[in-house]
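First up is the structure itself, then whatever we jot down about it.
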Protein chains: 2
Amino acid sequence: MKLTSKGRYAVMALVDLARFNNINPVSLRDISLRQGISLDYLEQIFSKLKKNEIVKSIRGTQGGYVLNKNPNDIKLTNIFHAVDEKVKTVQCKKESKRGCNGKATKCITHNLWDELEIHINTFFENKSLNDLLNNNKETRV
Amino acid sequence: MKLTSKGRYAVMALVDLARFNNINPVSLRDISLRQGISLDYLEQIFSKLKKNEIVKSIRGTQGGYVLNKNPNDIKLTNIFHAVDEKVKTVQCKKESKRGCNGKATKCITHNLWDELEIHINTFFENKSLNDLLNNNKETRV
DNA sequence: CTAAACTTGACCATTTTAGTCAGGTATGTA
DNA sequence: TACATACCTGACTAAAATGGTCAAGTTTAG
């Protein structure tokens, strides 16, 4: 069980973006340099963030990206959802007719995984981009 | 971010085992049939569970596996640890000298991933095999 | 009109996952 | 003692996911 780097990068990039958000659009090139993330990969990620209306793009010279919402209203759960980072514990949910493992009933640990998903998602829903900004200010050396 | 099936199977198999534990050793063959998990794969998993002293094996005809501890003392965290299912959010911890992404400092979201790991691990530490047994009894159809 | 920056989609090497396969070894029972 | 049952071990592998790169655009400020 691990987080993919797509999700990690998305959050890192958005925190970076949020820091400079008030002044100017931020170019992916800058984020790439500051955060050490490949430019091409960032483009894939921001394409998804834009589709999900988390950021807006401004084209042309001096263009870049800006947040499309208040940092307080951007929850981690929104970010992860945008880049297809989902908390998935059970496969069994797919086949709605049959239970898990092709049996007629739910697998004996089904409830557990449901609980776990809720537990993790709760964490993501309560954490906003703004929380991260503050947390980072406090603890930065 | 998802759970691997090795971890899921380990928990499923142990719940199955715990149900019949008081009477006789349970053969992997039976678990395989009841839970729809490949026998060969189960053997890999139980080899690890045994190394971690979660189960004991009894060889020969009528042999099988039994729990090595009270179901109350087997926490999910023990099971996952045994089968190498770990909650991993940050890569950055590996290179202790340098920070994340080869930079000198911690990445700006480092604290977040630490918090998340703790959040998830807490869940696993508080859940025992016994909890699962009871939970399953209540909700089974 | 040109350089900076966004946009899109195809492509790919590596790693992980989720097993299978092919051999064993130990032991209770007939 | 034979043999069936069940554990034991390690090598192997197909398929999927990951973590990107590459190429070829389009848009717009200056």
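The figures here come from the full heavy-atom set of this structure, side chains too, leaving out hydrogens, waters and symmetry mates. Here is how names work: the chains are called A, B, and so on, in the same order as the sequence lines, proteins then strands, and each is numbered from 1.
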Grab the two heavy atoms, one from B:Arg34 and one from B:Val26, that are nearest each other, plus how far apart they are.
NH2-CG1, 3.6 Å

What are the two closest non-hydrogen atoms of B:Ser38 and B:Ser32, and how far apart are they?
C-OG, 4.2 Å

Within this structure, what is the [atom1]-to-[atom2] distance between [X] and [N], rounded to whole angstrom?
X: B:Gln62; N: D:dA4; atom1: CD; atom2: P; result: 15 Å
X: A:Lys6; N: D:dT21; atom1: NZ; atom2: C1'; result: 13 Å
X: A:Leu39; N: D:dA23; atom1: CG; atom2: C1'; result: 14 Å
X: B:Asp84; N: C:dT16; atom1: CG; atom2: C1'; result: 13 Å
X: B:Tyr65; N: D:dT5; atom1: OH; atom2: P; result: 18 Å
X: A:Asn24; N: C:dA4; atom1: CG; atom2: C1'; result: 14 Å
X: A:Leu42; N: C:dT7; atom1: CG; atom2: P; result: 13 Å
X: B:Lys2; N: C:dT16; atom1: NZ; atom2: C1'; result: 9 Å

Select one nucleotide: of [options], the one nearest the side-chain heavy atoms of [X].
X: B:Tyr9; options: D:dA29, C:dG19, C:dG28; value: C:dG19
X: B:Asp40; options: C:dC21, C:dA26, D:dA6; value: C:dC21
X: A:Arg59; options: C:dT7, C:dG19, D:dA4; value: C:dT7
X: A:Ser38; options: C:dA18, D:dC7, D:dT21; value: D:dT21

Output the residues of residues 45-55 of chain B in contact with DNA chain D, where contact means a heavy atom of the residue under 4.0 Å from an atom of the strand; sort by number or write none.
B:Lys50

Decide yes or no, distance alone: a donor-acceptor N/O pair under 3.5 angstrom between the base of C:dT20 and the side-chain of B:Gln44.
yes

Hey, is the side chain of B:Glu43 pairing donor to acceptor with the base of D:dC8 inside 3.5 Å?
yes

Please check the phosphate of C:dT17 (OP1 and OP2 only) for any side-chain N or O of B:Thr4 closer than 4.0 Å.
no

Under 4.0 angstrom between B:Ser57 side-chain N/O and D:dA6 OP1 or OP2:
no

For residues 73-81 of chain A, please give each side-chain donor-acceptor pair under 3.5 Å, one per line with the distance, not counting sequence neighbours.
residue, atom, partner, partner atom, Å
A:Lys75, NZ, A:Asn72, O, 3.4
A:Asn78, OD1, A:Lys75, N, 2.9

Among all residues two or more places apart in sequence or in another chain, which pass the salt bridge (charged side-chain N to carboxylate O under 4.0 Å, His left out) test with A:Lys6?
none

Note: for A:Gly60 and B:Ser27 on DNA chain D, the residue whose nearest nucleotide lies more 5' is B:Ser27

Under 3.5 Å donor-acceptor, [X] side chain and [Y] backbone:
X: A:Ser5; Y: A:Arg8; answer: no
X: B:Asn121; Y: B:Ile118; answer: no
X: A:Asp16; Y: A:Ile31; answer: no

